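Have a look at the structure below before the remarks.
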Protein chains: 2
Amino acid sequence: MTTGEVLERAGAGEDKDYVQSLVRGLEVIRAFSQYKPRMTLSEVAQHTGLTRAAARRFLLTLVREGYAETDGKLFALRPKVLELGFAYLSSLPMWEVAQPVMRDVVNTLQESCSLSVLDGDDIVYVARVPTARVMTIGLSIGSRLPAFCSSMGRVLLAGLPPAELAVFYDRVRIEKRTPRTVATMVALKEAVENARRQGWALVDQELELGLRSIAVPVRNRRGEVLAALNVSTHEGRSSIEAMRSQFLPVLLDAAQRISAALSQ
Amino acid sequence: MTTGEVLERAGAGEDKDYVQSLVRGLEVIRAFSQYKPRMTLSEVAQHTGLTRAAARRFLLTLVREGYAETDGKLFALRPKVLELGFAYLSSLPMWEVAQPVMRDVVNTLQESCSLSVLDGDDIVYVARVPTARVMTIGLSIGSRLPAFCSSMGRVLLAGLPPAELAVFYDRVRIEKRTPRTVATMVALKEAVENARRQGWALVDQELELGLRSIAVPVRNRRGEVLAALNVSTHEGRSSIEAMRSQFLPVLLDAAQRISAALSQ
DNA sequence: CAATTTTGTTCGCATTACGAACTAATGATG
DNA sequence: CATCATTAGTTCGTAATGCGAACAAAATTG
């Protein structure tokens, strides 16, 4: 063995105060969503890059703690893992209050309504009220979309302190998802600046062809942007003008109601 | 030090293949929901029973991996932890399909509709569509209620294989939550048996005074009970008779639609 | 049904993660 | 407003945890 090469461990573990086993265990949990809901020990090992021995230890630990179950061959997650995600949602003050308000929005507009927050370069859905219609993209709580080409993303970016926004611009890689996706940094900056000025953002088929959405910010009493609220529709169902004249007022009112509820 | 007392570690760690650090780390995540959304290192240590040194390692690891953030003093969870819970939800085949069906139920009945699964002696909410009305209990995805005194619990218990149900009866401790809560094992068994015979369960203020709910099972194509669907209301708003005559048909139809969607 | 591949488990040991001890920060008190 | 007391955060030597190579068992194939 060569002399103490401390930082050889692939990518991870540069830090000192770092619990490798926690990270690996969380990887095992996440492997289930990224691949299949039911996996053998070896499949888990493959999809996490762990040795089979390691995968086994983590799986048995998860089973022992009630986070997973097994029939001896296949492993699957149990509802207890929801408590982990729930730990985050319950820390979001707006969450409980937003749900009924969003239901009202859906009832009024007959289109899906979502609430999201910014995490790195992505928006993350934290609440969602779907319509009965079958949607093109299957989105639910916890799923991510690139911030730069979604309506909620534009609104959330516009609410960032200038310094953080600058960091985002340095880091972000514009990837054309449709022919309509914003193509240049200049255009993106212009779109975000526009969202800031007008207090809302409309994105037309930049994420997926046929998908149109409009978003507004949800602010705390100090005016900081905490989340974004949006309504999405299909290109053939609502015109851009209709979204501005009909959807926008409903959304602004809903965001106002959520903000108001936060401030008591 | 005394001679190799292997099983001295409080409660845990009896097993061999057991990754202590994963369990501890998950405890840290969960500490945030059970206590406050923002905590100092020491508070986390207190609420998990870890030493401050250990709490620090886990918190720094979570921050490093994007599951938490800190301003140097306070720690808070980040949206990334949702991906963990999401790993479970995406493994539930019914989840996506249930949401719009549930929205229809809420629109028709103007009462909250929920979907839950059984985990041990509890039911765990996996989807929920609230009404605009303010509810007495703040329930959301991931939260738990005792199975024995909730309508969904009765339906889920009724769907258990006899052997597993017997184990449940041996284990369960009947705790009176209201004066109306079922008081004896005999009465509980009778209620579960009744739910099995009639294919639904109505529970009147056994969980909380004023709270009434009715539930039906969601089955896969083989007839196994996968989940329970319910509608809950307030005692003063809907009579028991109204729930039977109006709510029940809507619920049965909804459960049927979800089951049908699973079977393609 | 032997050979081969794949999956699951054991076990000695190196590394990890442990927590006692230390230091720094905060708050109380005369 | 120094001093002490208490609480919070960090360091570091070391024991035990968790590691994975090696082994065994099961499944697959020729």
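What you see is a predicted model, and the numbers here were worked out from it, not measured in a lab.
- The nearest whole Å value for the distance from the CG atom in A:Leu60 to the C1' atom in C:dT9 is 10 Å.
- For A:Arg154 (side chain) and A:Ala147 (main-chain N/O), no donor-acceptor pair under 3.5 Å exists by modelled atom type.
- Residues A:Ala53 and B:Ala53 both approach DNA chain C. Their nearest nucleotides, taken by heavy-atom distance, put A:Ala53 toward the 5′ side.
- Separating the CZ atom of B:Arg64 from the P atom of C:dA17 is a distance of 12 Å, rounded to the nearest angstrom.
- Taking atom CG of residue A:Leu50 and atom C1' of nucleotide D:dG20, one finds them 11 Å apart after rounding to whole Å.
- Contact annotation: A:Arg56 side-chain N/O to D:dG18 OP1/OP2 distance is not under 4.0 Å.
- Following rounding to the nearest Å, A:Leu74 (CG) and D:dA27 (P) show an atom-to-atom distance of 13 Å.
- For the OP1/OP2 pair of D:dG20 and a distance below 4.0 Å, the side-chain nitrogens and oxygens of A:Arg52 include no atom meeting the criterion.
- No more than 12 heavy atoms of other residues, nucleotides or ligands lie within 6.0 Å of CD in B:Glu175, so this atom counts as exposed by the packing criterion.
- Atom CZ in A:Arg57 sits roughly 14 Å away from atom P in C:dC11 (whole-Å rounding).
- Close to D:dC19, at under 4.0 Å from its OP1 or OP2, lies a side-chain N or O of A:Ser21.
- As a whole-Å value, the separation of B:Leu41 CG from C:dG19 C1' is 14 Å.
- Mapped onto DNA chain D by nearest heavy atom, A:Ala54 and B:Gly72 fall at different nucleotides, with B:Gly72 at the one closer to the 5' end.
- A:Thr48 places no side-chain N or O within donor-acceptor distance of the main-chain N or O of A:Val28, the cut-off being under 3.5 Å.
- Contact between the side-chain N/O atoms of B:Arg24 and the OP1/OP2 oxygens of C:dG19 is found at a separation under 4.0 Å.
- Here the P atom of nucleotide C:dG8 and the CE atom of A:Met39 are 12 Å apart, to the nearest Å.
- Side-chain atoms of A:Tyr18 and B:Glu65 form a donor-acceptor pair, as typed in the model, at a separation below 3.5 Å.
- One interatomic measurement links the two molecules: CD of B:Glu27 to P of C:dA17, which rounds to 18 Å at whole-angstrom precision.
- Listed candidates were C:dT26, C:dG19, C:dG8. Nearest to the side chain of A:Lys73 is C:dG8.
- Two end axes, each from the C1' atoms of five base pairs, can be drawn for the helix from C:dC1-D:dG30 to C:dG30-D:dC1; they diverge by 30°, to 10 degrees.
- Distances shown here put a side-chain N or O of B:Ser42 below 4.0 Å from the OP1 or OP2 atom of D:dG9.
- In this structure, A:Lys80 does not pair ionically with B:Asp119, as no charged nitrogen and carboxylate oxygen lie closer than 4.0 Å.
- Between A:Tyr88 and A:Val117 there is a side-chain heavy-atom pair separated by less than 4.5 Å.
- Between A:Gln46 and C:dT6 there is no side-chain polar atom (N or O) within less than 4.0 angstrom of OP1 or OP2.
- Electrostatic pairing of A:Arg196 and A:Glu193 counts as a salt bridge here, judged by a charged N lying under 4.0 Å from a carboxylate O.
- The side chain of B:Gln20 contributes no N or O atom lying less than 4.0 Å from OP1 or OP2 of C:dT16.
- A:Asp122 contributes no side-chain N or O that, together with a main-chain N or O of A:Val124, makes up a donor-acceptor pair within less than 3.5 Å.
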